[in-house]
Amino acid sequence: MASINVSYFFIVLFLLAFSANAELSSHFYSKSCPRLKWIVRAGMAKAVNRDKRMGASMLRMFFHDCFVNGCEASVLLDDTPTMRGEKNAFPNRNSLRGFEVIDDIKTEVEAACKETVSCADILALAARDGADLLGGPFWDVRLGRRDSRTASESEANNNLPAPSSNLSTLISMFAVKGFNANEMTAMSGAHTIGMGQCQFFRTRIYNDTNINSAFAAQRRANCPLNGGDSNLAPLDSTDIKFDNKYFIDLINQCGLFHSDQELSNGGSQDALVRTYSMNSITFRKDFENAMIKMGNLSPASGTITEIRKNCRVVN
Ligand code: HEM
Ligand SMILES: *[C@@H]1O[C@H](CO)[C@@H](O)[C@H](O)[C@H]1NC(C)=O
Ligand SMILES: *[C@@H]1O[C@H](CO)[C@@H](O)[C@H](O)[C@H]1NC(C)=O
């Protein structure tokens, strides 16, 4: 019995040392780069002022970074002749936006604090600011992440949910990353901002039956059966405002993606969708907690890390 307890103790120690980003802290760069938060904020304010959707795009980029081997900026690496990275994986290709915004911010950060701040931390801050600039919650971003030297197209394909997913697939894909079904629903509330392409909601607006008919007709007008794959539609009825309208829309069967409507289709998440639709403070709090938790996802133990000089290439 004692030996079981002792080995258990060491396993727990090992997990603490290598799996969680236990060292992340709000003050990580307070001496080495005191202006960091303001530089990122100014860069995002400029970008969102030019294009409001960029706030949403940056939030999504953070999700797609963190769900693929942790928040280590793998998503920012360009492909090389010897590495198929994440930018061309199905969920990202011709879809993720904001790489130039990160490049611009990184240039300014390097000018202020050379080779000090990771691209992963810049992305974590930029995503929070993007959400906040559209009216979202301002969560406390813990810092101290490091950047990977590899990215993986196949891991991006396997770890990011598709808009055709059903509820059980969504729940299990988030469970793999340590999130329960309620956290998954709160996180899906990110779809209160941003836009989606016709190719990802065509099947829903032509074939799904749990859809508001006026809404389906409206969306079909700009998403034909053939062609127009990249035509855009707002993810909810207030797509540049971070609010709880997404959940109200779901109750009215106006979810844009099949995966969105799965959260309110007679299953286990209906009650929480209803709660969020009536109480935006609860949604914001749960979303904020989930974003902090998502930001703690760290790379597999043994991953070699660095502070990248250029977010697109390893040093
Ligand atoms: C629950 C499973 C999810 C699925 C199946 C999903 C799928 C998608 C798809 C297909 C798009 C549209 C991409 C395009 O048309 O180019 C999209 C957009 C977006 N997603 Fe998700 N997503 C999910 C969860 C999340 C989470 C957890 C976040 C962030 C916390 C997020 C944030 C966003 C944002 C902000 C946009 C709009 C991006 C823009 O306008 O550039 N999504 N999502
Ligand atoms: C959900 O989708 C998965 C994968 O496509 C499928 O295997 C499963 O049977 C579906 N579950 C339900 C409840 O429809
Ligand atoms: C609708 O479903 C049918 C039958 O499964 C399929 O052949 C068709 O391609 C679907 N239409 C769209 C727009 O997805």
Rounding to 0.5 Å, atoms CZ (Phe200) and CG (Leu235) come to a distance of 11.5 Å
Would a 4.5 Å heavy-atom cut-off, applied to side chains only, mark Glu115 and Lys309 as touching?
yes
Reported CG-to-CE distance for the pair Leu256 and Met195, which is rounded to 0.5 angstrom
9.5 Å
Under 6.0 Å from the CZ atom of Phe90, do we count more than 12 heavy atoms belonging to anything else shown?
no
Quick one: pull up CG in Leu134 and CG in Leu59 and give me the separation to the nearest 0.5 Å.
9.0 Å
Only counting residues at least two apart or in another chain, list the ones meeting ring-ring contact (aromatic ring centres under 6.0 Å, His included) with Phe28.
none
Any non-hydrogen side-chain atom of Glu108 less than 4.5 Å from a side-chain atom of Val40?
no
Can any side-chain N or O of Ser57 pair as donor or acceptor with the backbone N or O of Arg53 at less than 3.5 Å?
yes
Let me confirm one number: the CZ-CG distance from Arg274 to Asn279, rounded to the nearest 0.5 Å.
13.5 Å
With the side chain counted from C-beta on, respond yes when Ile122 and Val117 share a heavy-atom pair under 4.5 Å apart, and no when they do not.
yes
Are any non-hydrogen side-chain atoms of Asn94 and Ser230 less than 4.5 angstrom apart?
no
Taking the ring centre of each residue, are His191 and Phe257 less than 6.0 Å apart?
yes
Tell me yes or no: between the side chains of Asp79 and Asn88, is some donor less than 3.5 Å from an acceptor?
yes
For Met44 against Gly55, the heavy-atom pair lying closest together:
CE-CA, 4.4 Å
Surrounding CD1 of Ile307 (heavy atoms of other residues, nucleotides or ligands, distance under 6.0 Å), is the total greater than 12?
yes
Under a 4.5 Å cut-off applied to non-hydrogen side-chain atoms, are Leu250 and Ser277 in contact?
no
Any chance you could lay out the side chain to side chain donor-acceptor pair (under 3.5 Å) test for Ser74 and Glu86, step after step, and finish with the verdict?
CA-CA 7 Å; Ser74 55; Glu86 291 158 32; 2.9 Å; yes
Which pairs, with at least one residue in residues 32-69 and sequence neighbours excluded, count as a disulfide (SG to SG under 2.5 Å)?
Cys33-Cys113, Cys66-Cys71
Heavy-atom check, side chain of Leu123 versus side chain of Ile102, under 4.5 Å:
yes
Pairs satisfying salt bridge (charged side-chain N to carboxylate O under 4.0 Å, His left out), at least one member in residues 276-299, at least two apart:
Glu183-Lys293, Lys285-Glu288
Nearest heavy-atom pair of Pro91 and Ala156: which atoms, and what distance?
CG-O, 4.0 Å
Spell out, as yes or no, whether a donor-acceptor pair under 3.5 Å connects the side chain of Arg308 to the backbone of Asp147.
no
Check ion pair Asp78-Lys87 (N to O, under 4.0 angstrom):
yes
Can you list everything that forms a ring-ring contact (aromatic ring centres under 6.0 Å, His included) with Phe242? Sequence neighbours excluded, please.
Phe283, Phe287
Should we count CZ of Arg84 as having more than 12 external heavy atoms under 6.0 Å?
no
Closest heavy-atom pair, Cys198 versus Gly228, reported as atoms and distance to 0.1 Å, is CB-O, 3.2 Å
Do Arg146 and Thr303 pass the side chain to side chain donor-acceptor pair (under 3.5 Å) test, and can you show the C-alpha distance, the side-chain angles, and the key distance before you say yes or no?
CA-CA 10 Å; Arg146 293 174 60 81; Thr303 301; over 6 Å; no
Separation between CZ of Arg128 and CG of Leu133, rounded to the nearest 0.5 Å
9.5 Å
Apply side chain to side chain contact (heavy atoms under 4.5 Å, CB included) to Asn226 and list each qualifying residue two or more places apart in sequence or on a separate chain.
none
Once side chain to side chain contact (heavy atoms under 4.5 Å, CB included) is applied, do any residues pair with Arg142, and if so which ones, sequence neighbours excluded?
Leu24, Ser26, Asp140, Ile292
When you measure from the side chain of Gln261 to the backbone of Gly255, do you find a donor-acceptor pair of N or O atoms at a distance under 3.5 Å?
yes
Pairs satisfying salt bridge (charged side-chain N to carboxylate O under 4.0 Å, His left out), at least one member in residues 194-206, at least two apart:
Arg202-Asp229, Arg204-Asp208
How many angstroms lie between atom SG of Cys311 and atom CG of Leu76, to the nearest 0.5 angstrom?
5.5 Å
Taking only Lys NZ, Arg NE, NH1 and NH2, and the carboxylate oxygens of Asp or Glu, determine whether Asp129 and Lys37 approach each other closer than 4.0 Å.
no
Hey, does the Lys NZ or Arg CZ of Arg219 hover above the aromatic six-ring of Phe201, less than 6.0 Å from the centre and inside 45° of the axis?
no
Ion pair check, Arg149 and Glu306, cut-off under 4.0 Å
yes
Taking the side chain as every heavy atom from C-beta outward, state whether Phe179 and Leu297 have any atom pair closer than 4.5 Å.
yes
Under a single-linkage rule joining Ile, Leu, Val, Met, Phe, Trp and Tyr whose side-chain heavy atoms are separated by less than 4.5 Å, which residues share a cluster with Met83?
Leu77, Val314
When you measure from the side chain of Ser154 to the backbone N and O of Ser152, does any donor-acceptor pair fall under 3.5 Å?
no
Kindly state each residue pair satisfying salt bridge (charged side-chain N to carboxylate O under 4.0 Å, His left out) with at least one member in residues 230-248, sequence neighbours excluded.
Lys245-Asp249
Residue pair Thr150 / Ser148, side-chain donor-acceptor N/O under 3.5 Å:
no
Determine, stepwise, if the pair Asp121 / Ser118 fulfils side chain to side chain donor-acceptor pair (under 3.5 Å).
CA-CA 5 Å; Asp121 279 341; Ser118 66; 3.3 Å; yes
Would you say the side-chain atoms of Asn182 and Thr185 include a donor-acceptor pair closer than 3.5 Å?
no
Please list, chain by chain and in numerical order, all residues satisfying disulfide (SG to SG under 2.5 Å) with Cys254, sequence neighbours excluded.
none
Ring centroids only, cut at 6.0 angstrom: are Tyr246 and Tyr276 within range, meaning strictly under it?
no
Identify, with sequence neighbours excluded, every residue that meets side chain to side chain contact (heavy atoms under 4.5 Å, CB included) alongside Asn310.
Arg312, Val313
Side chain to side chain donor-acceptor pair (under 3.5 Å) between Asn212 and Asn252: does it pass, once the steps are laid out?
CA-CA 7 Å; Asn212 176 291; Asn252 295 324; over 6 Å; no
Counting only heavy atoms not in Arg93, do more than 12 fall under 6.0 Å of its CZ?
no
Assess whether atom CG of Leu225 is packed by more than 12 heavy atoms of other residues, nucleotides or ligands within 6.0 Å.
yes
Would you say that Arg41 contacts Leu125 through its side chain, given a criterion of any heavy-atom pair below 4.5 Å between the two side chains?
no
Side-chain donor-acceptor pairs of residues 159-167 under 3.5 Å, sequence neighbours excluded:
residue, atom, partner, partner atom, Å
Asn159, OD1, Lys177, NZ, 3.2
Asn159, ND2, Glu155, O, 2.7
Ser165, OG, Ala162, N, 3.2
Ser165, OG, Ala162, O, 2.6
Asn166, OD1, Ser168, N, 3.3
Asn166, OD1, Ser168, OG, 3.1
Asn166, OD1, Thr169, N, 2.9
Asn166, OD1, Thr169, OG1, 2.9

